[in-house]
Every structure is written in C-alpha cells, then in structure tokens.
2 protein chains.
Amino acid sequence: MDRFPAADAPLYEVKANLFKGLSHPVRIRVLELLADTAEVTVTELMQGTNQEASNLSQHLAVLRRYNLVVAQRRGVQVFYRLAYPQVADLLTVARSLLQQLLHTTTQQLAGFSPPAGESVPSTAGAAVKEAPLR
Amino acid sequence: MDRFPAADAPLYEVKANLFKGLSHPVRIRVLELLADTAEVTVTELMQGTNQEASNLSQHLAVLRRYNLVVAQRRGVQVFYRLAYPQVADLLTVARSLLQQLLHTTTQQLAGFSPPAGESVPSTAGAAVKEAPLR
DNA sequence: TCATTACTTTAGAAGTCCATCATATAACGG
DNA sequence: CCGTTATATGATGGACTTCTAAAGTAATGA
C-alpha cells in the first residue's frame with residue numbers, strides 16, 4: 001500500500017479545488033447552463049439560476065478561481081464559458097452516479113437489502129422527488 | 001433560458017454533496033486507493049494517506065454520509081469500498097481535466113496567451129511540480 | 001460630465017469544514 | 001471479565017463558505 005507522498009499534495013489540492021467549485025447547487029446549475037450553450041452572459045445566468053446578482057457574482061468568482069470557467073468582457077457584458085470540456089464530462093458522470101444512487105435508495109426504501117456493506121441508507125432519496133434529471 | 005425550478009433543488013443538493021465528498025485531498029486519495037483495490041481496511045487507508053486515525057475516520061464518515069463509499073465490518077476490521085463505479089469515473093475525468101489545466105498553466109507561464117477570455121492564470125501551476133499523475 | 005446598465009467586490013452574520021485531542025464503541029481471545 | 005486491537009465519535013478552535021445588503025467598477029451614450 002503506497003503512501004501519500006507529500007510531494008503530491010499540491011496536485012491533490014488543485015484536484016480538490018476543482019471539486020470544491022462543483023460542490024454547490026447553484027454552481028452546478030451554472031456549469032450545466034454553460035455546458036448547454038457555448039457562452040452565456042451573467043444576466044442569462046442570473047435568470048437560469050434565480051440568484052441575485054451579487055450572490056451569483058461570488059459563485060462565478062469561485063468558478064474562476066478554481067479554473068472551471070473563463071470570463072470575457074465585451075462592452076458592458078461579461079460572457080462566461082467552461083474552461084475545459086472535461087467539466088461537462090464531470091457533470092455527465094455525476095448525473096449517472098446520481099441516477100444509480102436514486103435507484104439504490106428507492107430500492108432500499110422498497111424493502112430490498114443494500115447491495116453490500118452495512119452503510120446506512122441516506123435519507124436523501126426519500127426527500128427527493130423524481131424530477132426530470134438533466 | 002430556463003429557470004432553476006425550486007422543485008429541482010433537492011436533486012442539485014444531492015449532486016453537490018457528491019462533489020463535496022470529493023473536495024478534500026485526503027478524501028480524493030482514499031477514493032483513488034479504493035478505485036485501485038476492491039476493498040481496503042481502515043488501517044491500509046491510514047497508511048496510504050498518512051493520516052492519523054481519528055482524522056481519517058472523520059473523512060470516511062463524510063464519504064459514507066455522501067454515499068461515495070460503503071463500509072462493512074468483519075470482526076475487528078472494517079472494509080471500505082466504492083459505492084458506485086461512477087466514483088472512479090469522476091476521478092478519471094478529474095485527472096484528465098487536471099492534466100489539461102496543468103498544460104494550460106505551463107503554457108501561460110511560458111508566455112503564451114490564454115486560449116480565450118481574460119481569466120487570470122492560476123498560480124497553482126507554478127506551485128505544482130510535475131509529479132506523476134494518477 | 002452624467003446617468004444608466006452590467007457586473008464585481010466588500011462587509012457582516014450565520015453556518016460549515018477541518019485538524020487535533022480526548023473519549024467511546026465493537027470485536028475478540030485468554 | 002479484562003486487556004488489546006481496530007475504528008468511530010465528541011469537543012473545540014480557527015479557517016472557510018454562503019447569503020444579503022451596500023458600495024464600487026467598467027462600459028456606453030447623450
């Protein structure tokens with residue numbers, strides 16, 4: 001079992017930052033909108049997320065900080081786009097994982113035993129409606 | 001531009017939680033070790049991460065809480081494994097993204113202009129040695 | 001220059017995260 | 001039952017995150 005060399009820590013830190021950028025619902029929504037459309041203005045993102053301007057701006061700053069998006073000002077407007085296509089891939093995989101998770105959770109609530117392990121089923125599935133998944 | 005229906009919020013919350021589980025270097029390392037080996041004991045994870053027992057335990061609790069791993073006790077030992085294969089996929093995509101990011105960053109430091117946008121290049125690349133990527 | 005639009009940053013409160021230290025719990029053999 | 005091993009949980013302080021409201025900055029046309 002190889003150890004965790006301290007030399008790798010910065011790389012893991014950068015990777016963790018990528019996931020940090022994705023770890024808020026509004027920011028996921030923003031990235032999904034950007035995955036759908038090449039570039040989007042802040043105003044459009046405000047509408048697509050239902051967030052107030054300053055809140056959204058701070059979320060966008062996080063996404064910029066962690067290299068998930070790039071911004072370009074053209075006149076009065078600022079356009080955002082995904083920094084790398086792999087960001088969209090992360091969303092796609094997460095979607096698939098979520099579907100599995102929901103499936104597993106509903107199975108458990110229906111009385112079927114968990115696949116393996118003794119993990120306690122999450123209650124997230126119970127609170128989650130079968131809304132259309134992206 | 002479709003809005004962010006409140007009905008979807010719980011689903012986004014669950015998705016955000018998945019990413020939250022991934023947003024710490026030690027937890028990434030744990031998941032990578034689990035992606036390599038079907039199941040691993042806590043002791044082995046302690047060695048592979050260089051973390052003290054209670055710190056690791058708290059990280060493992062986060063991974064359990066967000067449905068990224070499952071635990072199974074057998075006698076004195078507890079074995080951990082990935083809850084879904086898509087977790088490994090997330091790590092794979094992130095690795096590819098990181099490689100792109102590092103490449104972009106080193107290009108910028110070498111004096112080439114950023115691909116698009118006016119985003120400020122991260123200083124992460126400068127701090128990051130070209131250690132072997134997983 | 002001024003007013004307006006679009007967007008960002010600041011400040012503060014409340015909540016969350018993380019590492020460390022201490023303690024608790026589960027399993028097992030003597 | 002007791003001692004030991006393996007692992008989990010609790011408490012705490014400091015750092016970080018998120019939302020709201022206010023203020024600041026950039027661009028533009030009159």
Side-chain angles (χ1 to χ4, degrees), chain A residues 1 4 6 9 12-13 16-30 33-34 39-66 68-81 117-120, chain B residues 1 4 6 9 12-30 33-34 39-66 68-81 117-120:
Chain A
M1 185 60 68
F4 188 16
Y12 279 82
E13 186 69 38
N17 287 342
L18 293 174
F19 289 119
K20 264 186 214 152
L22 283 142
S23 61
H24 187 281
V26 167
R27 294 203 290 277
I28 292 173
R29 176 66 177 158
V30 167
L33 293 173
L34 297 184
E39 53 175 30
V40 190
T41 64
V42 175
T43 302
E44 287 163 331
L45 290 173
M46 271 170 64
Q47 287 159 2
T49 59
N50 246 334
Q51 297 298 305
E52 184 257 326
S54 85
N55 188 20
L56 179 62
S57 247
Q58 295 199 28
H59 282 301
L60 291 173
V62 171
L63 293 173
R64 292 195 309 270
R65 182 179 355 136
Y66 295 143
L68 293 164
V69 298
V70 290
Q72 182 173 44
R73 177 177 282 274
R74 294 209 285 273
V76 171
Q77 297 191 299
V78 180
F79 291 82
Y80 277 80
R81 76 176 76 193
E118 58 187 31
S119 68
V120 180
Chain B
M1 185 58 70
F4 188 17
Y12 278 81
E13 185 69 37
V14 177
K15 206 185 285 190
N17 288 341
L18 293 174
F19 289 119
K20 263 190 216 150
L22 283 142
S23 59
H24 188 281
V26 166
R27 295 204 288 277
I28 292 173
R29 176 67 177 156
V30 166
L33 294 171
L34 296 184
E39 53 175 27
V40 190
T41 64
V42 177
T43 303
E44 286 164 331
L45 291 173
M46 273 171 62
Q47 288 161 0
T49 61
N50 247 333
Q51 297 300 304
E52 184 256 326
S54 85
N55 189 21
L56 180 62
S57 246
Q58 295 206 24
H59 282 303
L60 292 173
V62 170
L63 293 173
R64 292 196 309 272
R65 180 178 0 135
Y66 294 143
L68 292 164
V69 298
V70 290
Q72 182 175 41
R73 178 177 281 273
R74 295 210 284 275
V76 171
Q77 297 192 298
V78 180
F79 291 81
Y80 278 80
R81 74 177 78 195
E118 57 190 32
S119 67
V120 181

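Not measured: the values here are computed from a predicted model. A note on names: the letters A, B, ... follow the listed sequences, proteins ahead of strands, and every chain is numbered from 1.
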Interatomic distance where [atom1] belongs to [X] and [atom2] belongs to [N] [whole Å]:
{"X": "B/E13", "N": "D/dT17", "atom1": "CD", "atom2": "P", "result": "16 Å"}
{"X": "A/Q47", "N": "C/dC7", "atom1": "CD", "atom2": "C1'", "result": "14 Å"}
{"X": "A/Q72", "N": "C/dC7", "atom1": "CD", "atom2": "P", "result": "13 Å"}
{"X": "B/L63", "N": "D/dT9", "atom1": "CG", "atom2": "P", "result": "13 Å"}
{"X": "A/N55", "N": "C/dA13", "atom1": "CG", "atom2": "P", "result": "18 Å"}
{"X": "A/H24", "N": "C/dC17", "atom1": "NE2", "atom2": "P", "result": "11 Å"}
{"X": "A/M46", "N": "C/dA6", "atom1": "CE", "atom2": "P", "result": "9 Å"}
{"X": "B/N50", "N": "C/dT20", "atom1": "CG", "atom2": "P", "result": "12 Å"}

N/O (side chain, [X]) to phosphate O (OP1/OP2, [N]) under 4.0 Å:
{"X": "B/R64", "N": "D/dT9", "result": "yes"}
{"X": "A/H59", "N": "D/dC19", "result": "yes"}
{"X": "A/R27", "N": "D/dT18", "result": "yes"}

### Task
Map B/K20 and B/S57 onto DNA chain D by nearest heavy atom, then report which one ends up closer to the 5' terminus.
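This one resolves to B/S57.
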Which nucleotide sits closest to the side chain of [X]: [options]?
{"X": "A/Q58", "options": "C/dA27, C/dA19, C/dT9", "value": "C/dT9"}
{"X": "A/S54", "options": "C/dC17, C/dA19, D/dA21", "value": "D/dA21"}
{"X": "A/Q77", "options": "C/dC7, C/dT10, D/dT9", "value": "C/dC7"}
{"X": "B/L60", "options": "D/dA8, C/dT8, C/dC17", "value": "D/dA8"}
{"X": "B/R73", "options": "C/dA26, C/dT8, C/dT9", "value": "C/dA26"}
{"X": "A/E52", "options": "D/dC19, D/dA21, D/dG10", "value": "D/dA21"}

Between [atom1] of [X] and [atom2] of [Y], what distance do you get to the nearest 0.5 Å?
{"X": "A/L56", "Y": "A/T49", "atom1": "CG", "atom2": "OG1", "value": "5.0 Å"}
{"X": "B/Q51", "Y": "B/S57", "atom1": "CD", "atom2": "OG", "value": "12.0 Å"}
{"X": "B/E39", "Y": "B/Q77", "atom1": "CD", "atom2": "CD", "value": "10.0 Å"}
{"X": "B/L18", "Y": "A/S23", "atom1": "CG", "atom2": "OG", "value": "11.0 Å"}

Within the structure shown, what part of the strands sits under 4.0 Å from [X] by heavy-atom distance: base, sugar-phosphate, or nothing?
{"X": "A/V76", "value": "base"}
{"X": "B/Q51", "value": "nothing"}
{"X": "B/Y80", "value": "sugar-phosphate"}
{"X": "A/T41", "value": "sugar-phosphate"}
{"X": "B/T43", "value": "sugar-phosphate"}

### Task
Report the relative orientation of the aromatic rings in B/H59 and B/H24; use parallel for angles under 30°, tilted for 30 to 60°, perpendicular for over 60°.
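The rings of B/H59 and B/H24 sit tilted, inter-plane angle from 30° to 60°.
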#### Entry: side chain to side chain contact (heavy atoms under 4.5 Å, CB included) between A/L34 and A/R81, worked out
CA-CA 6 Å; A/L34 297 184; A/R81 76 176 76 193; 5.6 Å; no
